[in-house]
Amino acid sequence: MRVVIDEELCGTTWQCVLTLPGIFRQREPDGVAEVYVATVAKAQHAAVRLAASQCPVGAIRVIESDDCGGEPGNVRPLPSPAELGRHATRDGRKPGGHDGTV
């Protein structure tokens, strides 16, 4: 199983990190959620499905295929400072792709 987050859709609510901090983290400085495990271990499948179902904007997608092309526990490298800056200023929008109004 793999899990991906649509960074454009992420509402920066921290719900996924609160539900499953071993799989998700919030990116600094913009607060967009990231997945930092390339392949989810079988013991965490149910928890990942729960986190995806609790995402208030539906930004988390679970890919159920067993053929994930990696070993469980592979860690994705942190983005460079330049990548972080590009994400924070993308299209002049507020972090998470929304204008901050409720």
Side-chain angles (χ1 to χ4, degrees):
M1 166 190 281
R2 289 187 313 124
V3 60
V4 294
I5 295 178
D6 182 337
E7 294 178 1
E8 294 291 322
L9 190 57
C10 178
T12 66
T13 65
W14 290 58
Q15 186 63 45
C16 57
V17 175
L18 293 171
T19 302
L20 197 54
I23 300 292
F24 303 100
R25 67 176 169 219
Q26 295 296 125
R27 184 173 64 208
E28 292 294 333
D30 61 3
V32 171
E34 292 184 307
V35 179
Y36 64 90
V37 176
T39 305
V40 178
K42 194 172 232 41
Q44 294 179 312
H45 286 194
V48 167
R49 286 186 198 102
L50 175 65
S53 72
Q54 292 180 339
C55 178
V57 295
I60 301 171
R61 184 168 54 109
V62 175
I63 301 168
E64 296 286 347
S65 173
D66 289 333
D67 183 24
C68 297
E71 295 298 319
N74 282 350
V75 177
R76 200 173 85 182
L78 291 172
S80 71
E83 289 172 323
L84 289 174
R86 282 195 303 271
H87 290 295
T89 58
R90 183 185 303 145
D91 300 328
R93 295 180 300 178
K94 295 272 188 190
H98 54 81
D99 66 4
T101 59
V102 180

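Since this is a predicted model, take the numbers as computed values, not measurements.
- You'll find the side chain of Gln15 reaches within 4.5 Å of the side chain of Pro56, heavy atoms only.
- Rounding to the nearest 0.5 Å places CZ of Arg61 at 9.0 Å from CG of Asp6.
- Atom-to-atom distance recorded for Gln44:CD and Thr39:OG1 is 11.5 Å, nearest 0.5 angstrom.
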Show your reasoning for whether side chain to side chain contact (heavy atoms under 4.5 Å, CB included) applies to Val3 and Ile60. CA-CA 7 Å; Val3 60; Ile60 301 171; 3.4 Å; yes
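- Taking both residues in full, the closest heavy atoms of Leu9 and Gly58 are given as CD2-O, 3.7 Å, listed atom of the first, atom of the second, then distance.
- Residue pairs meeting the salt bridge (charged side-chain N to carboxylate O under 4.0 Å, His left out) criterion with at least one member in residues 43-53, sequence neighbours excluded: Arg49-Glu64.
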What verdict does the side chain to side chain contact (heavy atoms under 4.5 Å, CB included) test give for Met1 and Val48, after you've listed the backbone C-alpha separation in whole Å, the side-chain angles of each residue and the deciding distance to 0.1 Å? CA-CA 9 Å; Met1 166 190 281; Val48 167; 4.0 Å; yes
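- In plain terms, the two heavy atoms of Gly11 and Val57 that are nearest each other are N-CG2, 3.7 Å.
- How far CZ of Phe24 is from CD1 of Ile5: 5.0 Å, rounded to the nearest 0.5 Å.
- Smallest separation of non-hydrogen atoms from Glu7 and Ala33: CG-O, 4.4 Å.
- Here OG1 of Thr19 is found 6.0 Å from CG of Leu50. Values are rounded to the nearest 0.5 Å.
- With rounding to the nearest 0.5 Å, the separation of CZ in Arg25 from SG in Cys16 is 11.5 Å.
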